[in-house]
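Written below as structure tokens is the structure these notes are about.
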Amino acid sequence: MSETAIPPVRLRADVLAVPPYRQGATPTEPGFKLSSNENPFDPLPGVREAIAAASEVNRYAAAAMPELRARIAGEFGVTLDHVHLAAGSVAILFQLVQAAAAAGDEYLFAWPSFEAYPSLGLANAATAVRVPLAERAEHDLDAMADAVTERTRVILLCTPNNPTGPTIRREDFDRFMARVPSDTLVILDEAYREFVTDPEAVRGEEVLGEHANLVVLRTFSKAYGLAGLRIGYAVGDPAILAAAATIGIPLSVTGIAEAAALASLAPEARAAHAGRIAELTARRDALAAALRALGLEVPEAQGNFVWIPEGEGEGRIDDTAALAARFAEAGTLVRPFPGLGVRISVGEAESVPVVVDIVRAHIGASLGASLGAALAQEGAL
Ligand SMILES: Cc1ncc(COP(=O)(O)O)c(C=O)c1O
């Protein structure tokens, strides 16, 4: 289906005005896919076995999934009715924004942040309000609190922030929550929580009990490497989550995803995952350090990705699209945000030197080009 095709029936003009989601291209050998913050590890053997054993696909899964919800609830010290599952945490984001914000209501988030946020309110014509990030690519929580109006129904906090990397600090979160009306839903989107190593970062399980208006979002897509199976969860007030379930399409979470998630939470799988996560965070820190050593202003990286800002002057990339094109020529995919920067996921160990080499070559080429231009301007060439 082409984006510009005229539909043969009457559809909403505001929906037609927005292009549908487009997945990036696939990498070519010997390149790497570093564009979707995926986990480079294959599923653990125990998880594979659980997937293979969940073979009753002629039946609908038992929608309540009590065993999995009880396991998650136990980790948060809450009862099972405080846990809601969906086919990916992005589905829960959608459900909650739909459940809370009607046409003309506002939902608020930092920008740049997760690319799905701006379209979450499209279906019900809620207004997306973006608050620019502060220095060091962090949430500007004071500006976000200032931006709350009578019409604000949902505030999305992404920590660590995709695509830029920094977390929200616990003390900043506490101050922010004290300014937010207690009847406004706040979603703490912790899709990358398992990769966080900063001890000062806010952690959903530590603050959930303090705020009835807070919902914590997590996913099995990233640290647990189950992106393709689509399963994520929310923890929070049962009445809020029941409203999300009302919006959600029933039976979207498959029994295969449930089995894989449960197997991922088994003690031996958790230990294996902890080892993988430690490897990935060490790799992330090494990649960020190598890019900083090239003179780039890479912000604090607390997810499974690093961010290179676009802009003029030292520490920035002058042309994100050109850098992404240079990667693509080498068969490697990264995620450009035109005018803002480029996000590079932490992938296979062998991808790290490839990334650093390509970025180094890009900086060298653009330095060469700007030096040439400056010399030409001075009439020296
Ligand atoms: C910040 C953030 N939240 C939520 C998601 C959605 O993850 P999933 O729907 O796979 O659980 C992503 C995925 O990239 C993300 O970056």
Side-chain angles (χ1 to χ4, degrees), residues 21-24 33-40 43 65 68 72 83-98 107-120 128 130 133 137-139 154-168 186-196 201-204 215-236 244 247-249 252-254 256-258 260-261 264-265 280 284 299 301-307 333-335 337 340-347:
Y21 174 75
R22 276 248 186 105
Q23 195 168 25
K33 183 160 184 259
L34 308 176
S35 51
S36 299
N37 292 349
E38 293 154 340
N39 193 316
M65 302 190 171
L68 178 57
I72 295 167
V83 180
H84 170 57
L85 300 168
S89 56
V90 70
I92 305 177
L93 283 166
F94 176 81
Q95 294 164 8
L96 288 170
V97 170
Q98 295 298 308
Y107 67 106
L108 192 75
F109 50 89
W111 197 253
S113 194
F114 181 31
E115 284 166 290
Y117 291 166
S119 56
L120 293 174
R130 305 169 202 217
L133 294 174
E138 295 176 359
H139 277 61
V154 186
I155 301 170
L156 303 166
L157 300 177
C158 187
T159 177
N161 189 48
N162 172 17
T164 59
T167 51
I168 292 172
V186 178
I187 301 176
L188 196 65
D189 184 349
E190 294 190 289
Y192 303 94
R193 159 72 171 81
E194 293 84 355
F195 300 108
V196 172
V202 64
R203 288 172 159 76
V215 168
V216 174
L217 275 197
R218 300 269 176 88
T219 181
F220 287 95
S221 297
K222 307 296 178 180
Y224 291 99
L226 297 182
L229 279 179
R230 314 304 302 124
I231 181 162
Y233 59 94
V235 189
I247 299 290
I249 296 169
S252 299
V253 183
T254 65
I256 299 176
E258 177 195 22
S264 300
L265 296 179
L280 288 171
R284 167 196 74 197
Q302 286 285 303
N304 62 344
F305 51 89
V306 297
W307 174 251
L333 301 176
V334 296
R335 182 68 65 97
F337 292 70
L340 297 170
V342 63
R343 187 193 71 198
I344 305 172
S345 306
V346 177

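Nothing fancy with the numbering, it's 1 onward along the sequence. Order of listing sets the numbers, starting from 1, for every ligand and every atom in it.
- When only interatomic distances are considered, the shortest N/O to N/O separation between Ser36 and ligand 1 does not fall below 3.5 Å.
- The aromatic rings of Phe220 and Tyr224 sit tilted relative to each other, their planes meeting at an angle between 30° and 60°.
- Assignment of Gly232 to the shell around ligand 1 is not supported, since no heavy atom sits closer than 4.0 Å.
- In this structure, Ala227 does not count as a contact residue of ligand 1, since none of its heavy atoms falls inside 4.0 Å of the ligand.
- Note on ligand 1: Tyr192 sits in its first shell, one or more heavy atoms being nearer than 4.0 Å.
- Judged by the shortest distance from any of its heavy atoms, Asn37 lies outside the 4.0 Å radius around the atoms of ligand 1.
- Annotation for ligand 1: atoms under 4.0 Å from non-hydrogen atoms of Cys158 are 1 (C).
- Side chains of Asp189 and Asn162 form no contact here, defined as non-hydrogen atoms less than 4.5 Å apart.
- Looking only at protein heavy atoms, the nearest one to atom 3 (N) of ligand 1 is Asp189 OD2, 2.7 Å.
- Scanning the protein heavy atoms around atom 14 (O) of ligand 1, the nearest turns out to be Lys222 NZ, 2.9 Å.
- Using a 4.5 Å heavy-atom threshold, the side chains of Ile256 and Leu229 count as touching.
- Between Tyr192 and Phe195, the ring planes lie tilted relative to each other; the angle falls in the 30° to 60° range.
- The two residues Val346 and Pro40 make their nearest non-hydrogen contact at O-CD, 4.0 Å.
- Between Phe109 and Pro118, some side-chain heavy-atom pair lies under the 4.5 Å cut-off.
- The side-chain heavy atoms of Thr159 and Val196, taken from C-beta on, include no pair separated by under 4.5 Å.
- Atom 12 (C) of ligand 1 has as its closest protein heavy atom Phe114 CZ, 3.4 Å.
- Remark: minimum distance from atom 10 (O) of ligand 1 to any protein heavy atom is reached at Ser221 OG, 2.6 Å.
- The shortest N or O to N or O distance between Val90 and ligand 1 is under 3.5 Å.
- For Ala191, every heavy-atom contact with ligand 1 shorter than 4.0 Å involves the side chain, none the backbone.
- If you check which protein heavy atom lies closest to atom 9 (O) of ligand 1, you get Arg230 NH2, 2.8 Å.
- Proximity to Gly88 (heavy-atom distance under 4.0 Å) selects the following atoms of ligand 1: 8 (P), 9 (O), 11 (O).
- Taking the side chain as every heavy atom from C-beta outward, Leu96 and Ile187 approach each other to under 4.5 Å.
- Among all protein heavy atoms, the one lying closest to atom 7 (O) of ligand 1 is Ser89 OG, 3.4 Å.
- Contacts between Asn162 and ligand 1, counted as non-hydrogen atom pairs separated by less than 4.0 Å, involve the side chain only.
- Aromatic rings from Trp111 and Tyr117 are positioned such that their centres are separated by 6.0 Å or more.
- Although no hydrogens or angles enter the test, the distance criterion places no donor-acceptor pair under 3.5 Å between the side chain of Asn39 and the main chain of Ala227.
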